[in-house]
Amino acid sequence: MTRGRDGRVELRDIEIFLTLTEELHFGRTAERLRVSKARVSQSIKQQERRIGGALFERTSRSVRLTPLGERLRDRLDAGYGEIMAGIDEAAAAARGYVGTLTVGTFDTHHQEIAGVLELFRQRHPQCELHMRELLPSDPFGGLRAGRIDVGLLWLPVREPDLVVGPVLYTEQLVLAVAADHPLASRDQVEIEDLGDHAVVHLEGPIPDYMWEVKCPSVTPAGRPIRRGSAVATLAEALTAIGSGRVVSPIGSLVAAGRKRRDITFVPITDGPTLSYAPVWRGAGETSLVRAFVQAARDARNARAADASPRTGSRRTGGRPR
């Protein structure tokens with residue numbers, strides 16, 4: 001191999017040799033490495049002079065490895081892969097993209113950001129991604145305790161220590177009632193109907209303004225909506241609803257994954273559309289958090305572009321190798 005002034009083998013010459021063993025063509029090797037064909041030829045000749053034997057058999061029509069070249073390739077290939085992996089890991093660490101990122105979602109909502117998670121993993125394979133469930137009764141607890149780096153929360157979020165990212169998806173509300181409840185036979189209900197029944201009371205540090213979006217305290221006509229059983233988790237809420245003591249608005253995404261014989265989900269015609277966005281601590285913003293938010297924004301934009309109608313569009317240019 002070619003040696004530098006200090007006697008060490010040049011990494012570029014190892015790369016040229018290994019690439020030529022794959023391509024078996026001097027021109028393609030030069031094109032792939034973005035060097036001249038003369039540079040490839042010169043490097044191989046220097047390596048063969050140093051080793052003292054031919055590494056390739058060259059004719060006007062073909063290039064083949066010699067037995068000596070095959071042995072050298074086998075020894076260098078694994079080592080070169082380890083070297084380049086080490087360089088890649090170091091570069092990723094320098095950019096802050098190595099480590100663990102913990103993302104929190106409600107119940108089955110992680111399915112709504114599958115595209116975001118896939119894009120993030122493709123861009124940052126050295127980062128380990130963990131998923132944790134958020135509790136509706138305590139949406140900010142995991143963030144503020146440092147157990148979660150980014151949480152997918154419904155809006156609004158009006159907390160001075162938290163930062164809100166772009167809206168990623170939305171969901172409608174349905175009314176969860178016991179299967180034998182008077183409202184269970186209805187095709188649809190309105191928010192005004194809540195004035196006639198007790199609703200779930202969420203017990204926890206969730207701000208009133210946030211819960212008010214899902215479960216208002218008064219009807220559109222101004223009637224108060226009675227608070228019934230206090231619950232802290234979704235499982236507790238569904239148990240209370242199934243008993244017939246209370247009803248509760250619930251997100252359609254959760255309802256779709258929680259089919260139960262004792263509960264019926266009825267569409268709410270005038271219910272709000274809930275918007276969900278990534279939220280993180282301003283003081284805890286890291287390069288990994290920024291990378292996740294960027295992946296979320298890019299995945300959302302790509303999905304919107306795919307969903308938009310296209311007329312007369314065409315692609316130009318080729319795909320880079």
Side-chain angles (χ1 to χ4, degrees), residues 103-114 131-143 147-148 151-155 157 168-219 223-276 279:
V103 178
T105 66
F106 294 112
D107 198 55
T108 59
H109 281 218
H110 64 275
Q111 298 174 1
E112 299 304 307
I113 59 168
M131 302 299 298
R132 298 196 69 170
E133 184 177 352
L134 293 172
L135 293 179
S137 59
D138 187 16
F140 308 138
L143 285 169
R147 296 189 301 272
I148 292 172
L152 276 296
L153 305 177
W154 76 79
L155 303 181
V157 172
L168 300 185
Y169 61 95
T170 61
E171 73 169 341
Q172 303 299 315
L173 287 179
V174 297
L175 187 65
V177 301
D180 57 355
H181 192 278
L183 293 178
S185 60
R186 299 264 295 270
D187 293 331
Q188 59 189 35
V189 295
E190 299 177 351
I191 295 295
E192 192 65 36
D193 292 316
L194 298 183
D196 301 323
H197 307 277
V199 301
V200 161
H201 171 58
L202 205 56
E203 186 177 57
I206 181 174
D208 290 339
Y209 73 82
M210 199 173 181
W211 185 238
E212 186 77 12
V213 176
K214 270 196 172 184
C215 191
S217 55
V218 296
T219 69
R223 292 191 296 153
I225 297 176
R226 292 182 294 118
R227 301 307 192 197
S229 303
V231 300
T233 66
L234 177 61
E236 292 177 4
L238 293 176
T239 298
I241 294 166
S243 71
R245 302 195 310 270
V246 291
V247 301
S248 181
I250 192 171
S252 57
L253 295 175
V254 172
R258 293 284 183 153
K259 301 296 185 183
R260 293 174 50 141
R261 288 177 294 180
D262 60 338
I263 293 178
T264 298
F265 299 105
V266 185
I268 303 175
T269 58
D270 58 346
T273 297
L274 298 184
S275 298
Y276 289 80
V279 177

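Computed from a prediction, not measured in an experiment: that's the story for all the values here.
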Calculate, to the nearest 0.5 Å, the distance between atoms [atom1] and [atom2] belonging to [X] and [Y] respectively.
X	Y	atom1	atom2	answer
E190	T269	CD	OG1	4.5 Å
H181	S243	NE2	OG	10.0 Å
F265	R260	CZ	CZ	8.0 Å
L194	S248	CG	OG	8.5 Å
I241	T264	CD1	OG1	11.0 Å
Q188	D193	CD	CG	10.0 Å

Answer yes or no: is there a donor N or O on one side and an acceptor on the other, between the side chain of S252 and the main chain of Q172, under 3.5 Å? yes

Judged by atom type as modelled, is there a donor-acceptor pair below 3.5 Å linking the side chain of E212 to the main-chain atoms of D208? no

Please test E236 against S229 for side chain to side chain contact (heavy atoms under 4.5 Å, CB included), starting from the C-alpha separation and ending with a verdict. CA-CA 9 Å; E236 292 177 4; S229 303; over 6 Å; no

Least distance between heavy atoms, [X] atom then [Y] atom:
X	Y	result
Y169	L253	CE1-CD1, 3.8 Å
V213	P272	O-CG, 3.4 Å
Y276	L152	CD2-O, 4.2 Å
L238	R258	CD1-CD, 4.1 Å
P205	D138	CG-OD1, 3.1 Å
A176	I250	CB-CG2, 4.1 Å

Working note: F106 + L153, criterion side chain to side chain contact (heavy atoms under 4.5 Å, CB included); need CA distance, chi angles, decisive distance, verdict. CA-CA 8 Å; F106 294 112; L153 305 177; 3.7 Å; yes

Does the side chain of [X] reach to within under 4.5 Å of the side chain of [Y], using non-hydrogen atoms?
X	Y	value
L143	V279	yes
R223	D196	yes
F140	M210	yes
I191	P249	no
V189	P267	no
C215	V200	no
L168	E112	no
D270	I268	yes

Working for side chain to side chain donor-acceptor pair (under 3.5 Å), residues E171 and T273: CA-CA 6 Å; E171 73 169 341; T273 297; over 6 Å; no

For a quick check under 3.5 Å, do E203 and S137 share a side-chain donor-acceptor pair by atom type? no

Working for side chain to side chain contact (heavy atoms under 4.5 Å, CB included), residues V247 and V177: CA-CA 5 Å; V247 301; V177 301; 3.5 Å; yes

Given side chain to side chain donor-acceptor pair (under 3.5 Å), test T219 with E192 step by step and report yes or no. CA-CA 5 Å; T219 69; E192 192 65 36; 2.9 Å; yes

Step-by-step side chain to side chain contact (heavy atoms under 4.5 Å, CB included) determination, T170 to L274: CA-CA 5 Å; T170 61; L274 298 184; over 6 Å; no

E133 and T105: side chain to side chain donor-acceptor pair (under 3.5 Å), yes or no, with the steps? CA-CA 5 Å; E133 184 177 352; T105 66; over 6 Å; no

